[in-house]
Amino acid sequence: MSNVVTRFAPSPTGHLHLGGARTAIFSWLLARHFNGKFHLRIEDTDLLRSKQEYTDSILSSMRWLGLNWDGEIAYQTARTDLYNSYVDRMLANGTAYWCACTPEEVDAMREDARARGLKPRYNGHCRELGLGPGPGRCVRLKAPQSGRIVFDDMVKGRIAIDASELDDMVLRRSDGMPTYNMAVVVDDHEMGVTHVIRGDDHVSNTPRQILIYQALGLPVPVFGHVPMILGPDRQKLSKRHGARAVIEYEQDGLLPEALLSFLARLGWSHGDQELFSREELIEYFDGGNLNPAAAAFDFDKLEWCNAQFMRHLPIEELAGRVAPFVRSEGLYEKLGSDPAARLAPLCLMFRERATNLKNLAASFRPLLVGAQDLEYSEKDRGKHLNAAGAGHLQALVDILASLPVFDAKSVEEALNAYVADNNFKFKQVAPPLRTALMGFMGGSHLNEIMDFLGREETLARLQRAISLAETADGKN
Ligand code: GLU
Ligand code: ZN
């Protein structure tokens, strides 16, 4: 396919949510796959609910996800005259007409149709009256009264609607403002859009929009209506399923590439591959394999997906990404004069256990606070910092203090020798040592932890743990 043009058209009435983000991703991918264009349009005509802060937030989430758009952003509120120029064209070519019916009259028509067991609709009262403009008058489409409107949806397949199902919809309200469907058709045409991908909550608008294209003699784009994302219980997706705005996932420390891959996989597949790089998505996504059934959101899978991406990021890259989170944990100053040099080993030690950048940063805490500020888990302290534990720690203080070189390798050898030479078991020695170093029974390899802390800090922790063990024993 050549000259593919797609667009994303959010309404700035809230932050970018998962469903919107996925629609944007599919549109963006289709354009990037075919070397086409991807445009952005802000549908801000709902003046009461649209807010600049939401536009800013949506744009920021798009940038964060790497969904770069082409050209200028179109704002619908700035295009009223353009829309009306198309309405004028339709009035001139006889596919639209002025209607003088009052809202009360139209309500009465609907009521009447309903009473006769028909669909509530405008009855075409002014269709042949040849009225001109006037106060309180709107413009309606002179819709065909028979025939079928048929389109082949990229996701749902062939959709056909009887023209008799649709009434003469309003194109321009009596206050001079174009209606939503009118604006969308003009925009998509003006922007050269060839493929409209959007949520299937808009599928009922599509036959109406097709009628407008036809009335204007314009080519009709291809449509793809993506089903909504459901919760794991197949109910409407909500916060209680772990669904949040994209901006909140960013604040939680999700990697944008992980969310991108995860969302693309919700409703689209490529064999049984689960994780995709940005480049792979662009290569494989050609608009095929879109699932017409609603996909269910699975938060555990998103976490898993993110953990996978964290594991495969180059370590310096991960260190750079976690840095802002270390700062919000209040730990950045504790990294010393060369923060990057300290962050890389921390990332290496802890990334296998983390599911996002925020909990990765938090997991650094025990290694970044000083010995005196280390917090102990009551449970692990009670269990492991006892007389026997203190005995091991005291012996290790002596050994570690006199090591000629203090690094991961020498510390490991010394530890192994201590256990072997005395016929101890590792599981007698490791728990008090781990509790002394980390404050709890977690963390990474003991020798790496000690290497990171350095000799002085390691010994300080062991000493503090010994004195805690003694006070505990004194109490008993
Ligand atoms: N502004 C609409 C929405 O946010 C999108 C309409 C469309 O894509 O045609 O749901
Ligand atoms: Zn009328």
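Note that ligands are numbered from 1 as they come in the structure, with each ligand's atoms numbered from 1 the same way.
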Can you confirm whether or not the ring centre of [X] sits under 6.0 Å from the ring centre of [Y]?
X: His33; Y: Phe285; answer: no
X: Tyr54; Y: His15; answer: yes
X: Phe297; Y: Phe262; answer: yes

Worksheet item: Relative to the ring of Tyr284, is the ring of Phe276 parallel (under 30°), tilted (30 to 60°) or perpendicular (over 60°)?
Response: perpendicular
Worksheet item: Are there any protein N/O/S atoms under 2.8 Å from the Zn ion (ligand 2), and if so, which?
Response: Cys99 SG, Cys101 SG, Tyr122 OH, Cys126 SG
Worksheet item: Below 4.0 Å from any atom of ligand 1, is there a heavy atom belonging to Ser11?
Response: yes
Item to complete: Look at ligand 1 and say whether Phe223 reaches it with a heavy atom at a distance under 4.0 Å.
Response: no
Worksheet item: Among Asp153, Asp201, Asp200, which one satisfies side chain to side chain donor-acceptor pair (under 3.5 Å) with His225?
Response: Asp153
Fill in: Atoms of ligand 1, numbered as shown, that sit under 4.0 Å from any heavy atom of Glu43
1 (N), 2 (C), 5 (C), 6 (C)
Item to complete: For Tyr180, take its heavy atoms, then give the atoms of ligand 1 lying under 4.0 Å from any of them.
Response: 1 (N), 2 (C), 5 (C), 6 (C), 7 (C), 9 (O)
Worksheet item: For atom 5 (C) of ligand 1, what is the nearest protein heavy atom, given as residue, atom name and distance?
Response: Ala9 O, 3.2 Å
Worksheet item: Among all protein non-hydrogen atoms, which one is nearest to atom 3 (C) of ligand 1, and what is the separation to 0.1 Å?
Response: His202 NE2, 3.5 Å
Discussion item. Looking only at side-chain N and O atoms, does Trp304 offer a donor or acceptor that is under 3.5 Å from a partner on Asp298?
Written reply: no
Worksheet item: Is it the case that Ser60 and Asp56 place a side-chain donor and acceptor less than 3.5 Å from each other?
Response: no
Worksheet item: Which one of Ile25, Asn306, Leu18 satisfies the side chain to side chain contact (heavy atoms under 4.5 Å, CB included) criterion with Leu259?
Response: Leu18
Item to complete: Determine, for Arg32 against Asp70, whether the closest basic-nitrogen to carboxylate-oxygen distance falls under 4.0 angstrom.
Response: yes
Practice prompt. Would you tell me which option among Arg7, Arg41, Gln76 has the nearest heavy-atom contact to atom 8 (O) of ligand 1?
Written response: Arg7
